[in-house]
Amino acid sequence: MRRQSETLLLVPLLPIFLVGMFPMFLIGLLGFFGLALFGVLVVCVGLASSNEAHDNFNHDVIVHGYARGSERATQASNMHTATRLALRLEALGAAMVIAAAIGLAYPG
């Protein structure tokens, strides 16, 4: 029996690599400005995640009415968990923007 080459396993992953290569290359070429741009995008993702968590909670309350205490506590807990994750993303994005601003202000 002839053994197949392992490189054939990587052929299906080649398009994913080619599509993902250009944004990473662009961020690398832009330097600190790319870092700031990526930080702004992370902040936007955090804000969208927070809004989606609140939207889901409000949708459950409006559509299903006032739930029992345990169900409402579960819904509120899920909302708070998603909001905390979104807050971490926003803080990370803000830290990236601040690091980029420091890098742009102090060359060398």
Side-chain angles (χ1 to χ4, degrees):
M1 237 174 140
R2 200 176 96 171
R3 187 170 175 224
Q4 289 184 343
S5 175
E6 288 86 15
T7 56
L8 290 178
L9 295 173
L10 298 176
V11 171
L13 298 176
L14 186 62
I16 297 170
F17 172 75
L18 291 176
V19 168
M21 179 178 63
F22 294 110
M24 295 306 292
F25 186 62
L26 185 64
I27 288 173
L29 281 177
L30 291 175
F32 288 116
F33 183 72
L35 182 65
L37 183 66
F38 192 63
V40 168
L41 291 175
V42 170
V43 168
C44 290
V45 168
L47 289 172
S49 177
S50 177
N51 285 339
E52 184 179 357
H54 286 283
D55 181 51
N56 288 339
F57 179 77
N58 290 335
H59 182 268
D60 286 340
V61 169
I62 291 170
V63 171
H64 301 295
Y66 191 75
R68 288 181 291 160
S70 61
E71 292 175 8
R72 189 164 174 96
T74 302
Q75 293 168 354
S77 175
N78 290 339
M79 182 189 65
H80 289 303
T81 302
T83 304
R84 281 192 298 267
L85 176 64
L87 185 61
R88 289 180 188 143
L89 282 173
E90 292 168 13
L92 178 68
M96 291 171 73
V97 170
I98 290 170
I102 291 171
L104 286 171
Y106 298 109

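- Side-chain contacts under 4.5 Å among hydrophobic residues (ILVMFWY), followed directly or transitively, place L29 together with F25.
- Counting only residues at least two apart or on different chains, the salt bridge (Lys or Arg N to Asp or Glu O under 4.0 Å) pairs with a member in residues 69-84 are R68-E71.
- Within the model, atoms CD of E90 and CG of L85 stand 10.0 Å from one another, a figure rounded to the nearest 0.5 Å.
- With sequence neighbours left out, I16 forms a side-chain contact (heavy atoms from CB on, under 4.5 Å) with L13.
- A heavy-atom distance below 4.5 Å is not found between the side chains of R88 and L92.
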Discussion item. Between N78 and Q75, does the side-chain contact (heavy atoms from CB on, under 4.5 Å) criterion hold? Intermediate values first, please.
Written reply: CA-CA 5 Å; N78 290 339; Q75 293 168 354; 5.6 Å; no
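- The minimum heavy-atom distance linking A100 with F32 is given by the pair CB-O, 3.1 Å.
- Among residues two or more places apart in sequence or in another chain, the side-chain contact (heavy atoms from CB on, under 4.5 Å) test is passed with I62 by none.
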For residues 33-59, tabulate all N or O donor-acceptor pairs below 3.5 Å that involve a side-chain atom, not counting sequence neighbours.
unit_1	atom_1	unit_2	atom_2	d
N51	ND2	L47	O	3.4
N56	ND2	E52	O	3.4
N58	ND2	H54	O	3.3

